[in-house]
Amino acid sequence: MSYRELKSQVKQCVEAALDANGFPTIKFEPVSPPRPEFGDLSVAVALNLAGRLKMKPLDVAEHIVSKIVIPEGSLIQKCWVHPPGYVNFSSIYPQYAKQTILNTLREGAIYGRVNIGGGARIGIEHTSVNPNKALHYGHLRNVVLGDSIRRILSYAGYEAQTLNYIDDSGLQVADLIVGFRYAGFNPEPEGAEKYDHYCGDVVYVKVNVLYETRKDLAAAQKQVLREMEDHTSDTARLASKITLRILAEQLKTCWRIGARYDLLNFESHILQTRMWNDVFEQLKNRGLVEFANEGKYVGCWIVRVEGEYEGEEKVIVRSDGTATYIAKDIPYAAWKLGLIPDRFGYRVFTEQPDRSRLWSTTVGQGESNPPVFAPYSKAITVIDVRQGRLQRIIGRILSDLAGDAQVNRYIHLDYEIVSLSGKTVEELGLGAGDKQTVSMSGRRGIYVNADDVLDAVHRKAYAETKKRNPDEDDAWLHGTAEKIAVAAIRFELLKQDLDKTIVFDLERALDLEGETGPYLQYAYARAARIIEKAGSISSVDSADFSKLTDPSEVALVKEISKFDVVVEDAVTNLAPKVIARYLYNTVSLFNTFYERMPVLKEQDETLKAARLALIKAFQTVVKNGLNLLGIETPERI
RNA sequence: GGGGGCGUAGCUCAGCAUGGACAGAGCGCCGGCCCUCUAAGCCGGAAGCCGAGGGUUCGAAUCCCUCCGUCCCCGCCA
């Protein structure tokens, strides 16, 4: 907050000084300089103007500084020129510290909030895992990313809703039915195995192996698919039963990692409500699809996608009249943006662990007063980068339909995939780890289940926590271990840039030290302990913030003051990573402070009070920030 | 063949959009630190022609071009 204020004051000062010198106005942004002795903010305009003015950068800077008028009551203390031509600004530190800390404490849980959304409803689709298997670790990147985006956008003043698309009528589901009916797989797992694990790890994988040798099963698959098309058939009912049961298990995993949803969209409902017909009619009327009378796609309806690629065309309706995969996505996307009538009914599906209601689409009436879902002002679809081409085509079709090519309301939030390290592949017996990394494949059984990773990290965290808290009971230990496990996994998946592949390595996943979620939680808990031991004696009123002069204190104060700017960055770039990096940095500064400054031993009560307030402000930032990443902050770990 | 991503320390990555002040972390390695605020920590050290070459610029890890390596996408599959 204070940082934003300081920055805007600096900017105005410099703009006025440029004007006073008769220098041209150019775009510039004050930035945090790399070293403390360069001040709190720095401006490089002189360097950029020098060429244009045919002057030496240093002279330009001198001219600027000579005309700078520091406004009364601002946070700016002074400014000066630094070679080769920077204009550096420092803040009035005691005031800056006081304002930052008090403001943070006053705002508490809403510190860092920025109103960018203005209440606009925004739809975020994520997870959308086929309901024929358990979530594997790669799916978790999607879930955690989508869920964090939801948290961040809500914090930024959007009415963010999360949608989970359930493809309950596809090929993968048919494979399970083939397994149960024609390949002799037991319809129930042995023992206590989770149903989604059983279907994915055993039935789905093995049926796909069997297809290679048993031609009768391939025929059976076609038969099953045909039967599923009639939603009143026994096969369709069985498919529905299986998918709902797997979905229930998948949701447990998603909730476990901290996600929640607003609505489940079932593909079968989109088919039954014939929403495709609505879209197809519009596409035909507007000439956005063409019937191919010749060429390799003769007899098909195709879309042409003008743009980066010349003459790109994509079949959306086959010559036998059936819709392709991409075509099935169009009505759903069009529904999100309100481009076709909403033909869904809605009903409560279940209650989630956070007590919120999870709704589902339905065919027919539904409940009388459901929440408002579509249309969304913007629809964000979280899917990995391999879907990029199709998503681009869908986006193009939608903006053509909406007639607003300029305003892109359909956003594909893409991210690189998660692969497995060769070492881990070998360790888990998933194949020969001769390569550096191996791509995951659900069908070939090359993956690690999300639940299994969570369990493994949980066990490790449990052992570590028990070591440090030997007197605590098992329930507390498990509760804490679970929070740590979630923190470790979520942070690991979020801190990395979206266009970089994440390589899952079992050993590294179990590392709870260094740049990890537990490191952040640990610092928070350390802070909590100081506050706890300090008791309630010292009040903020007696604090003398001008005494927070140790470099570790100054650095921490200044970092805390930047939180809201960081949140804004994360919002505009849809980048939880930015928050993760910032928090790690902040926590790291706190740890330095923690080692240097024995707070409770401090004799000077006014300084002690200031430090305690600083610690509380630090906690506020970490708590709010981690909350945006879906990571909890236990008081003790 | 066409399109796209990535290439920064032994390993995993920040920084690149909006070019500037000695290129930063974590892991690993070497050496210190429990003095009752939790050592899941801290401090110090070794380690980098920022893939290669060219260009633009007063200035390039950052922008442009070419090349190399690597991964992905390009089906009347989903």
Side-chain angles (χ1 to χ4, degrees), chain A residues 27-29 31 33-35 38 42 44 47-48 50-51 56-57 82-86 88 130 167 170-172 292 296-302 308-310 312 314-326 328-329 384-390 392 414 416-417 419 421 436-437 439 460-461 464-465 467-469 484 488 495-503 505 507-508 511-523 525-534 573 577 580-581 584-585 587-588 590-602 611-612 615 636-637:
Chain A
K27 244 179 69 187
F28 69 94
E29 208 56 46
V31 296
R35 282 196 276 175
F38 296 156
S42 178
L47 292 160
N48 298 324
K56 285 183 180 155
H82 191 279
Y86 292 97
N88 293 336
N130 286 331
D167 179 1
L171 200 63
Q172 294 89 345
K296 68 172 175 174
Y297 295 136
V298 62
C300 300
W301 286 91
I302 58 170
E308 303 104 288
Y309 315 118
E310 265 179 69
E312 189 172 12
K314 188 83 193 145
V315 173
I316 62 168
V317 175
R318 301 185 189 96
S319 50
D320 67 2
T322 56
T324 59
Y325 171 70
I326 184 173
K328 290 188 192 171
D329 260 11
D384 76 53
V385 66
R386 291 172 299 187
Q387 296 279 340
R389 181 179 134 85
L390 291 184
R392 207 162 38 237
D414 63 332
E416 263 293 349
I417 56 162
S419 58
S421 79
Q436 281 266 296
T437 62
S439 299
K460 174 83 183 291
E464 294 292 323
T465 310
K467 230 189 285 173
R468 294 164 173 80
N469 302 275
I484 294 170
K495 73 177 183 188
Q496 193 128 320
D497 197 273
L498 296 186
D499 49 31
K500 246 153 195 164
T501 307
I502 291 178
V503 180
D505 182 81
E507 196 182 315
R508 222 178 52 219
D511 190 6
L512 309 180
E513 294 170 14
E515 200 174 42
T516 66
Y519 172 88
L520 306 194
Q521 289 178 315
Y522 178 68
R526 279 175 135 188
R529 181 53 67 89
I530 297 176
I531 299 299
E532 182 192 317
K533 291 205 170 171
N573 293 307
K577 169 189 80 165
R581 300 265 161 207
Y584 172 74
N585 199 30
V587 158
S588 179
F590 170 80
N591 276 328
T592 302
F593 159 77
Y594 181 93
E595 301 281 343
R596 283 172 65 98
M597 304 286 123
V599 177
L600 297 177
K601 280 189 203 154
E602 180 54 53
R611 285 196 183 139
L612 288 172
I615 294 170
R636 217 152 25 83
I637 67 170

Undergrad: Ring centres within less than 5.5 Å and planes less than 30° apart: is that true of A:Y594 and B:G41 in this structure?
TA: no
Undergrad: Pick base, sugar-phosphate or nothing for A:D320, based on heavy-atom distances below 4.0 Å to the nucleic acid.
TA: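 It contacts nothing in the nucleic acid.
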Undergrad: So, is A:R392 close to the B:C74 phosphate, meaning a side-chain N or O under 4.0 Å from OP1 or OP2?
TA: no
Undergrad: Scan A:Q172 against the nucleic acid and name what it touches under 4.0 Å (heavy atoms): base, sugar-phosphate only, or nothing.
TA: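 Sugar-phosphate contact only - A:Q172 comes under 4.0 Å of backbone atoms but never of a base.
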Undergrad: Check this one for me: any side-chain N or O of A:R529 less than 4.0 Å away from OP1 or OP2 of B:U38?
TA: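 Answer yes for this pair, as a side-chain N or O of A:R529 is under 4.0 Å from OP1 or OP2.
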Undergrad: Which listed nucleotide (B:A21, B:G41, B:C37) is nearest to the side chain of A:K533?
TA: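 Output: B:C37.
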Undergrad: Can you check whether A:Y297 has a side-chain N or O nearer than 4.0 Å to OP1 or OP2 of B:C76?
TA: yes
Undergrad: Suppose you measure atom P in B:G10 against the same atom in B:A52; what distance do you get, rounded to whole Å?
TA: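 Straight-line distance between the two P atoms is 14 Å.
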Undergrad: Looking for any heavy atom pair under 4.0 Å, which part of the strands does A:K27 touch: base, sugar-phosphate only, or nothing?
TA: nothing
Undergrad: Between B:A25, B:A21, B:G15, which nucleotide has the shortest distance from any of its atoms to the side chain of A:K577?
TA: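 Looking only at side-chain atoms, A:K577 lies closest to B:G15.
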Undergrad: Expressed in angstrom and rounded to an integer, what is the separation of A:E515 atom CD from B:A25 atom C1'?
TA: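 To the nearest whole Å, that distance equals 6 Å.
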Undergrad: Taking only side-chain N and O atoms of A:K500, does any of them lie within less than 4.0 angstrom of OP1 or OP2 on B:A14?
TA: yes
Undergrad: Rounded to the nearest Å, what distance is computed from the CG atom of residue A:D167 to the C1' atom of nucleotide B:C77?
TA: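 Whole-Å distance recorded here is 13 Å.
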Undergrad: Base, sugar-phosphate, or nothing: which does A:L171 touch, judged by heavy atoms less than 4.0 Å apart?
TA: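 Nothing, no heavy atom under 4.0 Å.
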Undergrad: Looking at every strand, decide which applies to A:Q496 at a 4.0 Å heavy-atom threshold: base, sugar-phosphate, or nothing.
TA: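 Sugar-phosphate only.
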Undergrad: Answer yes or no: does a side-chain N or O of A:Y522 lie under 4.0 Å from OP1 or OP2 of B:A40?
TA: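 For B:A40, OP1/OP2 do have a side-chain N/O of A:Y522 under 4.0 Å.
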Undergrad: Can you tell me if the side-chain N/O atoms of A:K314 get under 4.0 Å from OP1 or OP2 in B:C77?
TA: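 Checking A:K314 against B:C77: no side-chain N or O falls below 4.0 Å of OP1 or OP2.
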Undergrad: Touch check for A:N48, heavy atoms < 4.0 angstrom, all strands: base, sugar-phosphate only, or nothing?
TA: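 Base contact.
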Undergrad: Could you please name the option among B:C76, B:A21, B:G20 that lies closest to any side-chain atom of A:C300?
TA: B:C76
Undergrad: Could you check whether A:R596 gets within reach of a base, just the sugar-phosphate, or nothing at all, counting any heavy atom under 4.0 Å?
TA: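 No contact at all - A:R596 keeps every heavy atom at 4.0 Å or more from the nucleic acid.
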Undergrad: What nucleotide, of B:G26, B:A17, B:U38, holds the atom closest to the side chain of A:N573?
TA: B:A17
Undergrad: Rounding to an integer number of Å, can you tell me how far A:D497 CG sits from B:G26 P?
TA: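 One finds 20 Å between P of B:G26 and CG of A:D497, rounded.
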Undergrad: Within the structure, does a side-chain N or O atom of A:R581 lie under 4.0 Å from either OP1 or OP2 of B:C13?
TA: no
Undergrad: Phosphate oxygens OP1/OP2 of B:C42: is one of them under 4.0 Å from a side-chain N or O of A:Y519?
TA: yes
Undergrad: Over all strands shown, is A:V587 touching base, sugar-phosphate only, or nothing at heavy-atom distances under 4.0 angstrom?
TA: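 If one applies the 4.0 Å heavy-atom cut-off, A:V587 turns out to touch nothing in the nucleic acid.
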Undergrad: Check this one for me: any side-chain N or O of A:T592 less than 4.0 Å away from OP1 or OP2 of B:C43?
TA: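 Yes, within the criterion.
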Undergrad: Mind checking if A:S319 touches a base, just sugar-phosphate, or nothing, with heavy atoms under 4.0 Å?
TA: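 The answer is base, as A:S319 lies within the cut-off (heavy atoms under 4.0 Å) of a base atom.
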